[in-house]
Q: 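Take this structure first; my questions come after.
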Amino acid sequence: MSNDNTIGQRIALLRKQRGYTQEQISLTLNVTPQAVSKWEKGNALPDTPLLPLLAKVLGTSIDCLLTGGSLKEKVSPYDGEYKKEEYYWGLQHSLLAEQIVKIMQDKVNKSLLDIGSGEGRDAVYFAKCGFQVDALEFSTPGTQKIRQYSQAAGYEVNILQADMIGYELAVAYDVIYSHGSLQFLPLEQRQNHFDKYKRYTNIGGLNAHLLFVEKPFIKTAPDWEKNEFFYLSGDLAKYYYDWEILWCEEQIIDCNSAGIPHQHAVNSIITRKIEA
């Protein structure tokens, strides 16, 4: 293992980012708060059998918990844009988010996970509409923008700063949502991620996604990254073949990201989990 104190610092950082107290961690792991304190101070290491659950609760992998790779080595491709004063994606919520609000308007105490929350335009909108929102975002300047926007708007958003690749969910949600972020999932990991999103959705809850579809007649966007991967038409519906599909649409949209006008083919879906 790495240096005890380094691991302890990572445990403390991830715990605070997720808003947990040492006592809450100790209750989940069935250890004493003093044990958690010793880990964070570098005076002891968690027992090996505890590592899978500890990593899951802290929203990371065992490898990243022990090595710190995800915290120190990776950089979000949007960091440069998110550091600017203006909001790269704007503050207007998406149409997909608006549809979710309408469908869930009669439910109380509703929880939502926004995967790849960016600067928080949809996360804050959901919070405004009565959702308890977890905003999952890897970019540090992105999470700072989410916090800035939520505070200015006066609506609380719980920020989870972690990479969605390999992120282990700890609780089930009424809605799991993404808007233009799942193209960063490696091809070989897609099925596992969608299976996980479905598993951690409450009965009667929704999964809603917008993702980019490859079309030979549309040029790749100028700000498309090397670690982004297109989907094919019909992929989303296949992942949710066993759920009720409330809405599924493919369309071509105009975009001006990176300051260069271009187009995207996108597929949006809203599905509901029905008890078997």
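Just so it is clear, the values below take in all heavy atoms, side chains as well, and ignore hydrogens, waters and symmetry mates. One is the number of the first residue; the rest follow in order along the sequence.
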Q: Are Tyr78 and Trp89 near enough that their ring centres are under 6.0 Å apart?
A: yes

Q: Please identify each residue that fulfils side-chain contact (heavy atoms from CB on, under 4.5 Å) with Gln24, with sequence neighbours left out.
A: Tyr20, Thr21

Q: Have a look at Glu40 and tell me which of Arg15, Lys16, Arg10 forms a salt bridge (Lys or Arg N to Asp or Glu O under 4.0 Å) with it.
A: Arg15

Q: Is the ring pair Phe212/His264 parallel, tilted or perpendicular, if the boundaries are 30 and 60 degrees?
A: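 Tilted: the ring planes of Phe212 and His264 meet at 30° to 60°.
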
Q: Counting N and O atoms only, with roles assigned by atom type, does the side chain of Glu228 sit under 3.5 Å from a partner on the main chain of Glu225, one being a donor and the other an acceptor?
A: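 Yes, the answer is positive, given that a donor and an acceptor are paired below the 3.5 Å cut-off.
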
Q: May I ask you to decide if Thr201's main-chain N or O and Lys273's side chain share a donor-acceptor pair within less than 3.5 Å?
A: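 Yes, because the side chain of Lys273 sits within donor-acceptor range (under 3.5 Å) of the backbone of Thr201.
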
Q: Looking at Ser94, is its backbone amide N or carbonyl O close enough to the side chain of Asp122 to form a donor-acceptor pair, meaning the two atoms are under 3.5 Å apart?
A: yes

Q: Does the gap between the ring centers of Tyr177 and Phe126 come in under 6.0 Å?
A: yes

Q: So do the side chains of Asn267 and Cys248 get within less than 4.5 Å of each other, counting heavy atoms only?
A: yes

Q: If you take the centroid of each ring, where Trp contributes its six-membered ring, are His209 and Phe194 closer together than 6.0 Å?
A: yes

Q: Is the Lys NZ or Arg CZ of Lys110 less than 6.0 Å from the centre of Phe131's six-membered ring, within 45° of the axis?
A: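 Because its charged atom sits under 6.0 Å from the ring centre and within 45° of the axis, Lys110 does stack over Phe131.
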
Q: Does any donor atom in the side chain of Ser233 or Lys215 lie under 3.5 Å from an acceptor atom in the other side chain?
A: yes

Q: Taking only Lys NZ, Arg NE, NH1 and NH2, and the carboxylate oxygens of Asp or Glu, determine whether Arg147 and Glu137 approach each other closer than 4.0 Å.
A: no

Q: Measure from the side-chain N and O atoms of Arg272 to the backbone N and O of Gly204, and report whether any donor-acceptor pair falls under 3.5 Å.
A: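 Pair absent, no side-chain N/O of Arg272 close to backbone of Gly204.
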
Q: Using side chain to side chain donor-acceptor pair (under 3.5 Å) as the criterion, point out the one residue from Glu98, His179, Arg121 that pairs with His93.
A: Glu98

